[in-house]
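We name chains A, B, ... by the order of the sequence lines, and we start the count at 1 in each one. Computed from a predicted structure; not experimentally measured.
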Amino acid sequence: MEDMKQALKVALEKAVAKLGAEGVDIPVQDVPDNKSGDYGSPAAFALAKKLKKNPVEIANDIIANLELPKGIASVEAVGPYINFNVDIGSFVQQVIASDLKAKPRGQKMIVEHTSVNPNKEAHVGHLRNIVLGDSTARILRADGYEVEVQNYIDDTGRQAAESLYAVEYFSAEYDGSKKYDHWLGELYVALGKAKAIGSEEEQEKIEAGVVEIMHRLERGELRNEVIEILNSNLETYWSLGAEYDLLVWESNVVDSGFMDAGLSILKNSEYVSTATEGKFKDALIMDVSEFIPGLEEPNVVLVRSNGNAMYVCKDIGYHLWKVGALKGLKSEVFATQPSGKVLYTSSVTGEVDPDGQSFGGGVKVVNVIDIRQRHPQEIVKTALKLSDDARGADVHHHLAYEVVKLEGQDMSGRKGITVAIDTALEEIIKRTKETIHEKNPDLANSDEVARQVGLGALRFGMIKSEATRIIDFRWEQALNLQGDSAPYIQYAHARACSILRAATDVDISKADWSKIGELELALAKTIVKVPDVIALAAKEFAPHTVAQYALDLATSWNGYFNHKDDEGKPDTKVLDSEEGLKEARVALVMKVRDTLAYTLDVLGIAAPQEM
RNA sequence: GCGCCCGUAGCUCAGCCGGAUAGAGCGUUCGCCUCCGGAGCGAAAGGUCACAGGUUCGAAUCCUGUCGGGCGCGCCA
């Protein structure tokens, strides 16, 4: 059905060819609401020079030579524009019958998101990452890709070490009175404070303690301690509806030899060399100047002159594995997630691709990482290019998102100036419960619905605008359940469900499509855009386009629902419609409901039937 | 200094691979439940699309420059 524009394009190109202008690309677009026609083309403008005629004349010439494709009722020239009217009945009927979902492509995309340091509770800055990543994964899946979601666990980093040392330093004992990661986060912040205000000896003591923990982490001695934190974090991620295929631990990337193997590969590149003189003497450096603009220094250090590899080498090794240039990451079952999907984890004691799984080796990797990490991401990307991978630059996409501020202020996990995801979710669900109590006190499963609506609102706020926008997290705004929000869309869906509950005895096979009109057509024209919207969002890794579309569709449906005639009386009452029209309208409402639910699902937002 | 991102209504944002009068939400004002759900709908008011050039039949959209704001550019992670 989305082929309508394509069909018009072909028809126009044929007509244009007859006029002596072959091989011209003819655009077909939506017609603005105030003009007559459903689809239109400004083709005449482009041909004016070539044919040496004025556009209005050309438009008429084209129309004279045009064979209307099936489903088009009429064509007219509106000034220089060529506008088409579809056959309303057959168009709407076809939209309703069409499958809006993409076919499988047989290609695997690897999406890495979350990747929160396992040392504290996740906050609303991380929320943006998780929601963006999870939505992107869902969009890619909807566009026909197989998607493997990975969550990278930095188990050898300083942050985890600080938190674990803080427990020791304060001789703290976990008593279960609060969530483990929250408890640990407080100790982490307290340790930072103790270090900042402590005496020199105290600072040295803390530093020595942290370093010792780091060594133990590197030796893998504290895996269980990290798992405890991770489990606590996972509760949060799962509560958001995010799930993963594989946890990849940094220490396992090293154990698997990917870092060394990656360096071996890179050493074959003419851009990588060991400096024999100058400030990088004895260090392994990579010349990135051809690939990354805006650097004063063209070289980046991969291995220090003392022989220690830079952090980015681990990332390079990991990514070479992601794209299939390295193999052999061992893994095993880690947990069963809320949906029942099994989560695997990298592990030295596991095996390569257990249970018939096939991890890694994606045609493309998408990394959801904040925009400040752009530079190291560029280095990884450059390394992939230099690794002789024929697919070149396109294998790596950094989905860079701007930071989240808190009431206009910078957040800081280190200083504890944050709002935890758990807290935000709890608050918004509380607010939603109040709203339900007020508007629909008899709602049966109100707790679950409140969770779905509250979570939806929270997620939607994170993806409704472009990733390149700074988000200012403000409570007043976050707790608002009206307007440009998920509840608005969910409400539209619930309304459609409400009608359909009362329409169970309607036999839609008795629909008389000749009875429907412009109002139904407008709705159908919005519905039919879904595949294009999903495809564009997948191509550009832009979840916000789906969010904006969902709002459009809900608006379109709400407008239809509330439509009144010239005397101010409702004229779109589905169930009060005459025979034939009623059935057609019910069929359309079903399509609206399904499409709203589908787009919400692609955004990871539930569509309750009542709210 | 160089590079990247952002600048559209009072505020928060869509629109940006060029097309017809620049669209929402919040806020303000007015109206709409004897009508399938008012978390909704309709209307009013609110815009030199930062500024200046350029390309084009046509520019919020593409190019150049300027001005504001943010971020990045380490033998840190």
Side-chain angles (χ1 to χ4, degrees), chain A residues 27 29 31-35 40-42 44-46 48-49 54-55 78-81 83 117 154 157-159 275 279-285 292-297 300-306 308 310-312 314-315 370-376 378 400 402-403 432 435-436 438-440 453 457 464-472 474 476-477 480-492 494-503 536 540 544-545 547-548 551-552 554-555 558-564 568-577 585-586 589 610-611:
Chain A
Q29 61 204 31
V31 170
D33 292 337
N34 53 341
K35 294 284 188 293
S41 177
F45 287 115
K49 195 172 273 180
N54 79 59
V78 179
Y81 290 92
N83 287 1
N117 280 315
D154 182 1
R158 188 179 175 91
Q159 313 234 43
K279 64 174 174 175
F280 294 132
K281 190 171 186 304
D282 297 331
L284 185 72
I285 56 175
I292 308 177
L295 297 177
E296 274 177 52
E297 170 55 57
V300 298
V301 173
L302 296 176
V303 180
R304 299 177 180 93
S305 48
N306 66 11
N308 290 331
M310 297 286 284
Y311 177 86
V312 74
K314 295 178 190 171
D315 228 4
D370 86 69
I371 199 163
R372 294 170 301 187
Q373 300 291 324
R374 185 191 165 88
H375 181 59
E378 289 290 338
E402 263 291 358
V403 295
T432 310
T435 306
I436 289 175
E438 181 188 314
K439 296 180 185 292
N440 196 357
V453 173
K464 72 176 172 187
S465 46
E466 278 184 287
T468 49
R469 292 258 174 209
I470 294 169
I471 289 181
D472 189 6
R474 291 189 223 156
E476 192 195 334
Q477 205 177 301
N480 180 27
L481 308 176
Q482 297 173 338
D484 276 351
S485 68
Y488 175 84
I489 303 161
Q490 291 169 315
Y491 183 73
R495 230 177 194 175
C497 290
S498 175
I499 292 175
L500 294 171
R501 270 195 300 278
L536 186 68
E540 316 218 312
H544 82 281
T545 57
Q548 293 293 334
L551 286 171
D552 280 351
T555 299
N558 278 331
Y560 178 82
F561 182 90
N562 279 299
H563 198 272
K564 295 179 176 62
K569 290 190 178 158
D571 58 356
T572 52
K573 294 213 54 171
V574 173
L575 300 175
D576 288 351
S577 309
R585 284 177 163 173
V586 167
V589 174
E610 294 179 70
M611 58 188 276

Closest of B/G37, B/G72, B/C5 to the A/R501 side chain is B/G37
Picking from B/A20, B/C35, B/C75, which would you name as closest to the side chain of A/V31? B/A20
Classify every nucleotide of nucleotides 57-64 of chain B by which part a protein heavy atom approaches to under 4.0 Å, writing B for the base, S for the sugar-phosphate alone and - for neither, in 5'-to-3' order. B-------
Does B/C5 adopt a syn or an anti glycosidic conformation, taking syn as a chi angle within 90° of 0? anti
Is any N or O donor-acceptor pair between the side chain of A/S305 and the base of B/C75 shorter than 3.5 Å? yes
Nearest-nucleotide pick for A/T545, side chain only, options being B/G37, B/G15, B/A24: B/G15
From the list B/C6, B/A39, B/C75, which nucleotide is the closest neighbour of the side chain of A/R469? B/C6
Given B/C41, B/U12, B/C26, identify the nucleotide with an atom nearest to the side chain of A/R474. B/U12
Choose from B/A24, B/C73, B/A77 the nucleotide whose nearest atom is closest to any side-chain atom of A/H375. B/C73
Answer with base, sugar-phosphate or nothing: what part of the nucleic acid does A/E296 contact at a heavy-atom distance below 4.0 Å? base
Can you figure out which of B/A24, B/C13, B/G37 approaches the side chain of A/S465 most closely? B/C13
The side chain of A/T468 lies closest to which of these nucleotides: B/C76, B/C6, B/G19? B/C6
Under 4.0 Å, heavy atoms only, any strand: does A/T572 hit a base, just the sugar-phosphate, or nothing? base
Centroid under 5.5 Å and tilt under 30°, A/Y488 to B/G40: no
If you compare all heavy atoms of A/S41 against all heavy atoms of A/P27, which two are closest, and at what distance to 0.1 Å? OG-O, 2.7 Å
Go through B/G37, B/C71, B/A20 for me and flag the one nearest to the A/Q29 side chain. B/A20
Answer with base, sugar-phosphate or nothing: what part of the nucleic acid does A/R374 contact at a heavy-atom distance below 4.0 Å? sugar-phosphate
Have a look at A/N83 and say if it touches a base, only the backbone sugar-phosphate, or nothing, with a 4.0 Å heavy-atom cut-off. base
